[in-house]
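The structure appears below as structure tokens.
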Amino acid sequence: MSDSAKPTLLLVDGHSLAFRAFYALPVDSFVTRDGQHTNAIHGFLSMLLLLLQKERPTHLAVAFDISRYSFRTREYADYKGTRGETPPEFMGQVPLLEEALAAMNIRTLSKEDYEADDILATLATRGKDAGYNVLVVSGDRDTIQLVDDDITLLYPNARGVSELKRYDRDAVVERYGVEPHQYPEIAALVGETSDNLPGIDKVGEKTAVKWINQYGSLENLLASADEIKGVVGQNLRDQRDRAERNRRLNRLVRDVELPLGPDDLARAPINPAAVRAVFDRLQFRTLLERVLKLASEEGVTDAVAPIAPVDDAPGIPPTPVVRTMVDEELALWLDRASAGGTTPLGLQLEFGPSGLAGFGIATQDDSVYVPWAPGRPDYAALERWLASASPKAMHASKRQYKALDAVGLALNGIMYDTMIAAWLLRPSFKHDDLATLVYDHLGETLPEGDPNQLLPEQEGVSPATEAWYILRLVDAIADRLDDGSTRVAREIELPLVPVLGRMELTGVSVDRDGLRALGSSLSASAADHASSAFDVIGREINLGSPKQLQQLLFEELGMPKTRATKTGYSTDAASLADLQEKAPHPFLGLLLQHRDVTKLNQIVETLEKSIADDGRIHTTYDQTGTSTGRISSNDPNLQNIPVKTEVGRRIRSAFTYGEGFESLLTADYSQIEMRIMAHLSGDPGLIEAFNEGEDLHRFVGARIFGVSPEDVTPTMRTKVKAMSYGLAYGLSAFGLSKQLRIETAEAKQLMTDYFVRFGAVRDYLRNVVEQARVDGYTETIFGRRRPFPDLHSPNRVLRENAERAALNSPIQGSAADIMKIAMLGIDSDLNEQQLSSRMLLQVHDELIFEVAPGELETLTEIVRTRMGSAAQLSVPLDVQVGTGTDWDAAAH
DNA sequence: GGATGTACGTA
DNA sequence: CGTACGTACATCCG
């Protein structure tokens with residue numbers, strides 16, 4: 001068999017190459033936004049892609065060490081003992097690299113008690129015997145011994161991993177002067193500093209090569225050691241045990257027991273969705289394109305079944321053939337498939353350029369496509385099924401609920417939503433992509449249309465097939481969901497879907513003219529401030545450009561440097577306020593005012609643009625948009641409408657009630673997070689504070705400063721308030737001092753005094769983090785979980801960020817749970833009592849309603865009751881209700 | 001045109 | 001060196 005006809009097996013030493021990459025690329029140039037270092041991953045993958053392109057291997061595997069310990073360290077405790085601590089910036093990268101490789105469907109292997117090189121040696125040997133052309137990629141010189149006519153070593157040079165030197169048999173002989181299999185004997189004599197294996201004193205490569213060539217082998221050399229003259233001869237005789245030990249240790253094991261042989265390592269198609277997800281997280285843009293390009297060149301993104309699982313898992317059920325159905329046939333099928341409305345079916349809508357295009361409906365082993373042509377076939381049975389409580393499993397059900405509403409169809413019986421369930425399982429990731437879920441939970445590849453192709457060569461799958469996958473995902477995800485999260489899904493999140501859907505459909509009425517007038521006045525004001533600012537500095541600059549501001553402030557005006565940012569020095573409001581104190585300049589004030597009004601003007605403009613034809617703004621809530629359990633709002637975001645300043649509140653005033661209604665009602669929880677802290681910590685002082693019903697910060701201030709509540713000064717109250725709120729965020733003394741603009745010592749003292757009085761709060765917060773470290777996750781009062789893998793990260797920034805987030809999550813998350821439960825109760829009461837008043841908006845701890853004529857009293861009662869009793873805590877839940885003609889007025 | 005960084009609005 | 005978000009702009013890149 002000629003070499004070119006042979007299959008090529010590429011074997012990579014993962015740790016060794018990743019480590020080389022780590023030192024070849026600057027650590028600081030490869031950091032994600034949240035502080036994860038990625039230089040080793042980037043370097044490794046970049047090298048691997050080059051190899052795949054150049055060598056076109058048919059078979060591929062990457063081997064990793066499991067730990068520093070192996071049978072070698074047991075034989076010689078100091079093996080590799082000189083290696084310092086692995087840099088923390090490197091350690092966290094290996095698991096991520098393994099994830100990236102998994103997404104690319106590349107096999108990774110490791111074996112307890114062995115090193116990666118032993119795995120390579122085993123696979124290389126078996127590959128050679130099976131007729132492969134073998135390429136070994138490693139930065140460990142021990143692998144030289146593997147080289148022969150069929151096995152070639154690719155070894156990184158000093159410059160890193162981008163260039164690999166090719167060692168075939170001839171190259172080894174040329175470089176080292178011995179046959180490859182003799183190289184470990186040279187190494188045994190010379191020693192290997194990096195492995196902490198001292199050799200024979202005074203023996204270097206030259207001598208060793210001479211000896212081995214002269215005697216043929218280490219064994220013969222040692223047998224004839226008496227013949228060697230001089231000091232080196234004496235050293236050899238005195239230290240022969242070193243050489244023997246070295247030789248034992250540097251011999252790679254060629255018969256490690258492995259679950260896979262070379263034939264199992266055939267390259268498999270990559271999963272574009274999974275690759276995209278992992279690479280997005282690593283913020284690898286160019287690499288992503290390279291991977292996708294290579295894959296499409298090789299034609300390995302096709303919907304080929306993924307690599308077979310190592311241990312035989314149950315086989316993949318065959319995808320049912322999609323049948324298109326309408327009319328009576330569909331009616332019969334629906335009734336039979338749903339067993340008269342008791343068995344869940346998968347449901348997935350299809351959207352075309354002009355809206356709803358069709359339905360995919362599936363059972364475990366059947367899938368049906370229903371084209372949507374309004375008014376033509378008989379859809380009565382379908383409509384009945386959709387509107388009935390007959391259970392449906394869907395993905396992103398809220399969007400579909402709304403789409404159905406738009407064509408006049410009702411949807412009930414949302415029994416499962418795979419997007420929501422997957423989010424509950426891992427709330428820190430986005431799960432809107434069905435293909436990613438299919439890969440993550442079923443290990444299969446759902447073909448996607450290529451977004452880079454104008455005219456996709458590959459059609460996405462039928463919605464019917466997607467519906468079938470959704471049904472299969474339900475089982476796969478439900479299996480992995482703990483009881484608490486399952487309850488949250490069933491009792492909170494799924495019932496909330498139609499509630500949120502209706503709120504979005506309803507929208508909120510906005511005073512268009514009022515907004516326009518406000519916008520004009522803000523633009524005029526912005527122009528005024530800008531021109532005054534330009535007068536002061538004598539020229540015009542772009543006030544919105546941080547770069548130009550830096551140039552002006554720090555170079556031309558020579559102001560003291562502020563907080564450093566990635567691109568220079570900060571010009572944010574806090575920094576400018578600092579500057580105003582240290583180096584007063586009229587420009588600073590004008591700039592700040594300009595910022596204020598332009599920001600508000602932007603908000604006004606954005607809102608104006610999003611007013612729909614019905615004169616209302618319809619935001620979209622993202623039910624899976626946060627890691628804590630809150631919902632987020634977008635297009636436009638109605639959860640960040642200004643409230644703090646007078647002008648800001650005028651924007652709020654533009655939100656009003658629509659025709660047929662008489663006012664707006666707002667209801668908000670007061671200090672819900674502090675109440676949850678009181679409940680969770682059981683702190684007697686804090687619980688008493690809330691049960692007293694007195695102003696919280698005044699009460700706490702009185703305790704801390706040892707005065708009576710009426711003697712708490714505004715300054716004292718401000719400090720206490722900042723401290724209380726900061727607690728739930730993991731605030732440090734440093735942060736507190738910065739916020740209150742007081743000395744760190746004073747902040748420290750404040751914290752100390754606080755915890756003297758409210759020690760249980762501190763104990764609770766500490767315990768949350770400690771418990772999370774053990775469990776790997778935190779939990780809300782209702783059992784909503786959030787995993788925190790970074791609590792064990794060697795990267796300090798990541799770890800400490802995780803600690804603060806872990807501390808905050810049960811508090812913020814429990815508050816979110818409570819609000820959601822209240823919303824469900826209110827929605828249910830409104831329906832049951834057939835009220836016309838409507839819930840419009842949710843802003844985390846606040847709800848806004850549109851009050852129908854004559855319903856104010858009933859609505860107020862419902863809202864107060866449902867919000868106040870959404871959870872039974874050891875402190876009361878206080879609800880503030882207000883009404884008015886607009887959002888601002890109602891809030892007073 | 002898309003990604004990134006900075007800044008800033010809310011709870 | 002305080003949690004959780006979304007949006008807009010300037011800027012850089014290809």
Side-chain angles (χ1 to χ4, degrees), chain A residues 31-33 280 283-286 288-289 427-428 451-452 541-550 563-576 591-592 595-596 598-607 609-610 619-622 624-645 647-649 651-652 668-673 722-740 744 747 765 778 786 796-797 800-813 815-816 819 841-846:
Chain A
V31 188
T32 65
R33 266 185 298 282
D280 270 0
Q283 295 172 232
F284 289 165
R285 206 173 118 239
T286 331
L288 173 64
E289 280 162 23
S428 302
N452 295 321
I541 63 167
N542 182 346
L543 295 175
S545 160
K547 203 178 164 193
Q548 292 181 37
L549 285 175
Q550 285 165 23
R563 172 174 65 87
T565 65
K566 280 192 182 177
T567 52
Y569 299 98
S570 174
T571 61
D572 67 13
S575 302
L576 294 179
L591 174 60
L592 281 169
R595 281 245 182 97
D596 262 358
T598 45
K599 176 76 182 176
L600 291 169
N601 192 35
Q602 279 164 15
I603 294 173
V604 169
E605 282 177 10
T606 310
L607 289 176
K609 274 185 240 159
S610 46
T619 185
T620 303
Y621 291 107
D622 188 344
T624 63
T626 72
S627 313
T628 53
R630 278 187 178 180
I631 55 181
S632 69
S633 150
N634 58 62
D635 291 309
N637 181 356
L638 293 187
Q639 290 180 322
N640 68 345
I641 302 303
V643 69
K644 286 175 182 161
T645 65
V647 190
R649 279 196 296 277
I651 299 180
R652 239 165 224 246
D668 65 86
Y669 283 117
S670 64
Q671 290 140 352
I672 187 166
E673 297 198 347
M723 171 82 206
S724 286
Y725 275 112
L727 274 181
Y729 299 151
L731 185 66
S732 63
F734 180 89
L736 184 62
S737 74
K738 227 175 82 178
Q739 196 204 322
L740 290 173
T744 319
L765 294 171
T778 61
R786 175 174 175 189
R796 199 168 62 110
V797 177
E800 291 179 349
N801 285 344
E803 286 169 356
R804 286 189 299 272
L807 181 132
N808 173 261
S809 263
I811 301 167
Q812 190 184 118
M819 178 54 105
L841 301 175
Q842 189 250 42
V843 191
H844 309 307
D845 64 1
E846 176 185 15

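With hydrogens and angles ignored, no donor-acceptor pair under 3.5 angstrom links the side chain of Q639(A) to the base of dG9(B). A donor and an acceptor atom never sit less than 3.5 Å apart when one is taken from the side chain of N637(A) and the other from the base of dG6(C). Side chain R595(A) to base dA7(B): no donor-acceptor pair is found below 3.5 Å.
The distance from atom NZ of K644(A) to atom C1' of dT10(B) is 7 Å, rounded to the nearest whole Å. Per the geometry, CD belonging to E673(A) stands 16 Å off P belonging to dT10(B), to the nearest Å. The interatomic distance linking N808(A) (CG) with dA11(B) (C1') rounds to 11 Å, in whole Å. In this structure, CD1 of I811(A) is placed 9 Å from C1' of dT3(C), rounded to the nearest angstrom. Rounded to an integer number of Å, the gap from N542(A) CG to dC9(C) P is 11 Å. Q602(A) places its CD atom 10 Å from the C1' atom of dG9(B), with the value rounded to the nearest Å. Straight-line distance from the CD atom of Q548(A) to the C1' atom of dT6(B): 14 Å, rounded to whole Å. Rounded to whole Å, atom C1' of dC5(C) lies 13 Å from atom CG of L638(A).
Looking only at side-chain heavy atoms (C-beta outward), L576(A) and R595(A) come within less than 4.5 Å of each other. The shortest side-chain heavy-atom distance between V604(A) and V647(A) does not fall under the 4.5 Å cut-off.
As judged by a 4.0 angstrom heavy-atom cut-off over every strand, K547(A) is placed among residues touching the sugar-phosphate backbone only. Counting non-hydrogen atoms under 4.0 angstrom, R796(A) reaches nothing in the nucleic acid. K599(A) comes within 4.0 angstrom of a base, heavy atoms only. As judged by a 4.0 angstrom heavy-atom cut-off over every strand, A805(A) is placed among residues touching the sugar-phosphate backbone only. Nucleic acid contact class of G625(A) (heavy atoms, under 4.0 Å, all strands): sugar-phosphate only. No contact: A815(A) has no heavy atom under 4.0 Å from any strand.
When distances run from any side-chain atom of I603(A) to the nucleotides dG9(B), dA4(C), dA8(C), the shortest one goes to dG9(B). Closest contact between the side chain of P546(A) and the listed nucleotides dG2(C), dT10(B), dT6(B) involves dT6(B). Here the side chain of V643(A) is nearest to one of dA3(B), dA7(B), dT10(B), namely dT10(B). When each of dA11(B), dT3(C), dT6(B) is scored by its nearest atom to the side-chain atoms of T567(A), the top-ranked nucleotide is dT6(B). Checking dC1(C), dT3(C), dT10(B) against every side-chain atom of Y729(A), the shortest atom distance belongs to dT3(C). Nearest nucleotide to the side chain of T606(A), out of dA8(C), dT3(C), dG9(B): dA8(C). The side chain of H844(A) lies closest to dA11(B) when the candidates are dT4(B), dA7(B), dA11(B).
Of the side-chain N and O atoms in T626(A), none sit less than 4.0 angstrom from OP1 or OP2 of dC5(C). Between R804(A) and dT3(C) there is a side-chain polar atom (N or O) within less than 4.0 angstrom of OP1 or OP2. Side-chain nitrogen and oxygen atoms of S809(A) include none within less than 4.0 Å of the OP1 or OP2 phosphate oxygen of dA4(C). Side-chain nitrogen and oxygen atoms of S627(A) include none within less than 4.0 Å of the OP1 or OP2 phosphate oxygen of dA4(C). Distances shown here put a side-chain N or O of S570(A) below 4.0 Å from the OP1 or OP2 atom of dA7(B). For T571(A), a side-chain nitrogen or oxygen approaches OP1 or OP2 of dA7(B) to under 4.0 Å. Side-chain N/O atoms of K566(A) include none lying less than 4.0 angstrom from OP1 or OP2 on dT4(B). Phosphate contact (OP1/OP2 of dC9(C), side-chain N/O of S545(A), threshold under 4.0 Å): absent. Close to dA4(C), at under 4.0 Å from its OP1 or OP2, lies a side-chain N or O of R786(A).
Between T778(A) and S809(A) the shortest heavy-atom distance is OG1-CB, 3.7 Å. Considering every non-hydrogen atom in both L607(A) and P636(A), the closest pair reads CD2-CG, 4.2 Å.
In this view, S632(A) satisfies the side-chain hydrogen bond (donor to acceptor under 3.5 Å, both in side chains) rule with no residue, not counting sequence neighbours. Scored by the side-chain hydrogen bond (donor to acceptor under 3.5 Å, both in side chains) test, E289(A) finds no partners at all (sequence neighbours excluded).
S633(A) and T619(A) share a side-chain donor-acceptor pair at under 3.5 Å. Checking D596(A) against T598(A) by side-chain atom types alone, no donor-acceptor pair falls below 3.5 Å.
Nearer to the 5' terminus of DNA chain C, by closest-nucleotide assignment, is the contact made by T628(A) (compared with the other of N634(A) and T628(A)).
Comparing the P positions of dT4(B) and dG2(C) gives a spacing of 25 Å, expressed to the nearest Å.
Shown here, dG2(C) forms no base pair; nothing in the strands shown gives a Watson-Crick or G-U wobble contact with both key distances under 3.5 Å.
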